[in-house]
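To find a chain, count down the sequence lines: A is the first, B the second, and so on, and within it residues start at 1. On a predicted model such as this, the values are computed, not experimentally measured, just so you know.
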Number of protein chains: 2
Amino acid sequence: MGEQKLSIPKGYRKTKQREAILKVLERAEYPINAEQIFMELKNNGIDISLSTIYRNLEMLTKEGLVVKSYMMNEDKARFALPDKKNYLVCEKCGKIVIIDNCPFDKFKEELIEVHGFDITGHSIEVYGVCPECQKKG
Amino acid sequence: MGEQKLSIPKGYRKTKQREAILKVLERAEYPINAEQIFMELKNNGIDISLSTIYRNLEMLTKEGLVVKSYMMNEDKARFALPDKKNYLVCEKCGKIVIIDNCPFDKFKEELIEVHGFDITGHSIEVYGVCPECQKKG
DNA sequence: CTTCCTGCAAAGAGTTTGCATCAAA
DNA sequence: TTTGATGCAAACTCTTTGCAGGAAG
């Protein structure tokens, strides 16, 4: 599922920290924050500093390999591969579900026509209550 | 244009700071941050502290009168009335254009069906290049 | 009067940055 | 070697909080 092979952008050196961060992002099922990447690596015995993570996330975002986003009622940035940037969040349990085949493209034409923008990207966040939480009342 | 009359939620006192913040949000054409509200009020001769602004924005968000969001490459939260929460941002000049009649509703049914979520809200951010910047090349 | 609200200053949290050291190429 | 990358600690920015004084009801 979405296991595309990411590689370090041209012009940047190949370091074990960089590769490790990319692997975590590839394996992640939804946007995660710097701290989560840090803990994930720590649990896998990989020692890295938070600043290195932030510096690499900034680079990867600038290079377009990663998308940064913020979630409702959260003050920290999350990062994900572009195909995992649109999601549903359960307001009760916090579960995050990625929106595959985002139907946004259908609206794109309309937006271009109405506003004249040349659209390069988008990010959609949807909140609601997941099926399990609906049952729990 | 979107000049709905907002009032202080029941259970909260009517103070001049609160009313001033609401007025700024009503007049705003797109999501703005705490600092911008502060400056806007200062320019109108209204003295208020940033913490009061933050405290009220938190309250208004909790009460559902205001929606909090973050924009690409920005580290501070923005706040807007619900009808101004979906927007287009020009990557070059930063211009923000509100998406009226957000076509999201068409797509809501599909999401409910596929994921079983009971959807309560959404926020859409679109980036691109505005017509003026396209001309400038 | 009573309770809520505000302002101020200090504290917090997340993120960024300077600098010396380390490692990729 | 040369130059980019990392780690650490300090710095920064945005936001939150404690507390005393002030205003709303």
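For B:D47 and D:dG22, the CG to P distance is 15 Å, given to the nearest whole Å. For A:K62 and C:dT16, the NZ to P distance is 12 Å, given to the nearest whole Å. The distance from atom CD of B:Q17 to atom P of C:dC4 is 17 Å, rounded to the nearest whole Å. Computed from coordinates, the A:L50 CG to D:dG7 P distance equals 10 Å when rounded to whole Å. Taking atom CE on B:M59 and atom P on D:dT16, their separation rounds to 14 Å, with Å as the unit. Regarding B:Y12, its OH atom lies at a distance of 17 Å from the C1' atom of D:dG25, rounded to whole Å. For B:L57 and C:dT6, the CG to C1' distance is 15 Å, given to the nearest whole Å. For the pair A:L22 CG and D:dA5 P, the interatomic distance rounds to 13 Å; values are reported in whole Å.
Annotation for B:F38 and B:I48: closest pair CE1-O, 3.0 Å, computed over non-hydrogen atoms. Closest approach of A:I21 to A:T52, counting heavy atoms only: CD1-O, 4.2 Å. Residue A:L25 comes nearest to A:K84 through the heavy atom pair O-NZ, 3.2 Å, listed as atom of the first residue, atom of the second, then distance.
Taking the nucleotide of DNA chain C with the nearest heavy atom to each of B:K16 and A:R78, the more 5' of the two is matched to B:K16.
Side chain of B:T52, nearest nucleotide from C:dC19, D:dG25, C:dT6: C:dT6. Taking the side chain of A:A34 as heavy atoms from C-beta on, and the options D:dT3, D:dG7, C:dT15, the nearest nucleotide is C:dT15.
Taking side-chain N and O atoms only, B:N56 has a distance below 4.0 Å to OP1 or OP2 of C:dT6. Taking 4.0 angstrom as the limit, A:T15 places none of its side-chain polar atoms (N or O) nearer than this to OP1 or OP2 of C:dA23.
Checked against side chain to side chain contact (heavy atoms under 4.5 Å, CB included), A:S69 has the following partners two or more places apart in sequence or in another chain: A:P31, A:R78, A:Y87. A:P131 meets the side chain to side chain contact (heavy atoms under 4.5 Å, CB included) test with B:F117; sequence neighbours excluded.
The residues A:E58 and A:K68 are annotated as not salt-bridged, no charged nitrogen and carboxylate oxygen being separated by less than 4.0 angstrom.
For D:dG4, the base has no donor-acceptor partner in the side chain of A:R55 [N/O atoms by modelled type, under 3.5 angstrom]. Contact of B:R13 with C:dC5 (side chain to base): no donor-acceptor pair of N or O atoms is detected under 3.5 Å.
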So which protein N/O to nucleotides 9-14 of chain D N/O distances come out below 3.5 Å?
| from | atom 1 | to | atom 2 | distance (Å) |
| --- | --- | --- | --- | --- |
| D:dC14 | OP1 | B:K76 | NZ | 3.4 |

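In this structure a side-chain-to-backbone donor-acceptor pair under 3.5 Å is missing from A:E19 to A:K14.
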